[in-house]
There are 2 protein chains.
Amino acid sequence: MSKKLIDRDEDILQASLAIKAIAHPLRLKILCVLGAKEVSVQDIVADVGTTQSNISQHLAILRDKGVLSTRKDANRVYYRIGNPRTLKLVEMMRDLFCTT
Amino acid sequence: MSKKLIDRDEDILQASLAIKAIAHPLRLKILCVLGAKEVSVQDIVADVGTTQSNISQHLAILRDKGVLSTRKDANRVYYRIGNPRTLKLVEMMRDLFCTT
DNA sequence: CCAGTAAATTAGCAACCGCTTATATTTTGA
DNA sequence: TCAAAATATAAGCGGTTGCTAATTTACTGG
């Protein structure tokens with residue numbers, strides 16, 4: 001009859017997993033700090049403002065769920081948003097929740 | 001320097017609360033069943049496929065977080081997505097996660 | 001090599017989540 | 001007014017989450 005917004009249960013599960021990964025204040029803030037840029041862990045720690053361990057654990061969650069990609073350069077690890085879709089999603093969040 | 005995607009911590013917190021509310025398979029499926037329509041609880045139960053109690057509790061979460069609105073007609077309660085922003089968000093989820 | 005810095009990992013625990021089961025509330029129709 | 005239907009609420013529990021503190025791993029420059 002009517003066209004469903006999301007058809008398959010499998011898609012719904014995958015979507016909810018991805019959404020869940022970003023549905024946390026620190027993780028969302030990490031994504032906002034990253035934006036389209038590539039940022040080192042220590043700079044993320046400085047910008048977001050919690051312990052290095054805490055940030056590292058949240059980065060691991062985002063990395064394991066496929067939200068973030070990493071590049072290692074010498075002593076440091078740089079994180080970036082893995083694909084344009086996720087970046088688009090974060091941008092949409094701004095449009096939805098931050099319009100004045 | 002660079003323009004942040006979401007500026008204020010307050011916005012980030014609010015956004016993460018709203019996202020968290022929909023970051024659950026059953027709740028996301030409820031939102032997909034609703035779409036732009038208004039649907040009774042029993043029809044949601046039938047479409048989503050779990051117990052009435054379970055659906056009712058998830059509906060309460062979405063209602064309390066301001067995601068859904070309700071209308072009572074006789075014996076039944078009808079739910080709908082409360083505002084265009086949320087509907088837009090669900091539509092974006094489809095675009096992001098269900099493109100083939 | 002080695003001391004120092006960056007990042008990741010582990011353990012532990014308090015708080016929260018999500019389900020089931022049972023019960024309560026509201027409204028209808030006979 | 002009463003039984004039945006539709007929805008909501010409450011209690012209880014097992015599992016998960018998210019933090020802190022402590023330790024470990026990886027890499028660097030000297």
Side-chain angles (χ1 to χ4, degrees), chain A residues 9 12-34 37-82, chain B residues 9 12-34 37-82:
Chain A
D9 278 5
I12 289 187
L13 184 59
Q14 191 199 345
S16 70
L17 287 176
I19 299 167
K20 193 179 178 187
I22 72 172
H24 183 282
L26 287 183
R27 292 198 289 271
L28 185 55
K29 192 168 182 183
I30 287 172
L31 294 174
C32 294
V33 166
L34 287 178
K37 296 177 307 190
E38 192 185 53
V39 184
S40 70
V41 175
Q42 59 182 3
D43 285 349
I44 297 172
V45 170
D47 272 21
V48 172
T50 176
T51 65
Q52 178 268 323
S53 170
N54 197 9
I55 288 291
S56 186
Q57 291 179 64
H58 284 296
L59 287 173
I61 291 172
L62 291 168
R63 180 179 8 100
D64 294 347
K65 299 283 175 57
V67 177
L68 297 183
S69 302
T70 66
R71 180 179 63 90
K72 199 169 202 169
D73 183 30
N75 218 2
R76 313 200 169 168
V77 178
Y78 293 86
Y79 280 81
R80 76 194 112 81
I81 292 179
Chain B
D9 279 5
I12 289 188
L13 184 58
Q14 191 199 345
S16 70
L17 287 177
I19 299 168
K20 193 179 178 187
I22 72 173
H24 184 282
L26 287 183
R27 291 198 288 271
L28 185 55
K29 193 169 181 183
I30 287 172
L31 293 174
C32 293
V33 166
L34 288 177
K37 295 177 308 190
E38 191 185 53
V39 184
S40 71
V41 175
Q42 59 181 1
D43 285 349
I44 296 172
V45 170
D47 271 20
V48 173
T50 176
T51 65
Q52 177 268 322
S53 171
N54 198 9
I55 288 290
S56 186
Q57 291 180 64
H58 283 297
L59 287 174
I61 291 171
L62 291 167
R63 179 177 11 98
D64 294 347
K65 298 284 175 58
V67 177
L68 297 184
S69 303
T70 65
R71 181 179 63 90
K72 199 169 201 170
D73 183 29
N75 218 0
R76 313 198 170 167
V77 178
Y78 293 86
Y79 280 81
R80 75 194 113 81
I81 292 178

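Within every chain, numbering begins at 1; the chains are lettered A, B, ... in the order of the sequence lines, protein sequences first and strands thereafter. Keep in mind that this is a model prediction, so the values were computed, not measured.
Here the options are A:Ile30, A:Leu31, A:Leu34, the test is side chain to side chain contact (heavy atoms under 4.5 Å, CB included), and the partner is A:Val67; only A:Leu31 passes. Looking at B:Val41, B:Ile44, B:Leu59 one by one, the single match for side chain to side chain contact (heavy atoms under 4.5 Å, CB included) with B:Val77 turns out to be B:Val41.
Nearest heavy atom pair, residue B:Leu62 against residue B:Ala21, reads CD2-O, 3.6 Å.
For the pair A:Arg27 and A:Ala74, nearest-nucleotide mapping onto DNA chain D gives the more 5' position to A:Arg27.
Here B:Tyr78 lies out of heavy-atom contact (under 4.0 Å) with every strand. Residue-level contact check: A:Gln52 touches the bases, meaning some heavy atom is under 4.0 Å from a base atom. Residue contacts shown for A:Leu26 are limited to sugar-phosphate atoms, with no base heavy atom under 4.0 Å away.
With rounding to whole Å, B:Leu62 atom CG is found 12 Å from D:dA8 atom P. As a whole-Å value, the separation of A:Ile61 CD1 from C:dT9 P is 12 Å. Separating the CG atom of A:Asp73 from the P atom of D:dA26 is a distance of 18 Å, rounded to the nearest angstrom. The interatomic distance linking B:Gln42 (CD) with D:dA5 (P) rounds to 12 Å, in whole Å. Following rounding to the nearest Å, A:Asp43 (CG) and C:dA7 (C1') show an atom-to-atom distance of 13 Å. What separates CZ of A:Arg63 from C1' of C:dA8 is a distance of 8 Å, to the nearest Å.
Between B:Tyr79 and D:dA8, a side-chain N or O to OP1/OP2 separation shorter than 4.0 Å is present. Phosphate proximity of C:dT26 to B:Arg76: absent, as no side-chain N or O sits under 4.0 Å from OP1 or OP2. For C:dC16, neither phosphate oxygen OP1 nor OP2 lies less than 4.0 angstrom from any side-chain nitrogen or oxygen of B:His24. Of the side-chain N and O atoms in A:Lys72, none sit less than 4.0 angstrom from OP1 or OP2 of C:dA6. In terms of phosphate contacts, A:Lys20 brings a side-chain nitrogen or oxygen within less than 4.0 Å of OP1 or OP2 of D:dT17. OP1 or OP2 of C:dC19 lies within a sub-4.0 Å distance of a side-chain N or O belonging to B:Asn54. Not one side-chain nitrogen or oxygen of A:His58 sits closer than 4.0 Å to the OP1 or OP2 atom of D:dT17.
In this structure, the side chains of B:Lys20 and B:Lys65 stay at 4.5 Å or more apart for every pair of heavy atoms.
With distances taken from any side-chain atom of B:Val77 to the nucleotides C:dT5, D:dA8, C:dT28, the minimum falls on D:dA8.
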Worked verdict on A:Val45 versus A:Thr50 for side chain to side chain contact (heavy atoms under 4.5 Å, CB included): CA-CA 6 Å; A:Val45 170; A:Thr50 176; over 6 Å; no
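A:Gln57 contributes a side-chain N or O that forms a donor-acceptor pair with the base of D:dT20 under 3.5 Å. Counting distance only, with no hydrogens placed and no angle test, the side-chain atoms of B:Ser53 and the base atoms of D:dT9 include a donor-acceptor pair under 3.5 Å.
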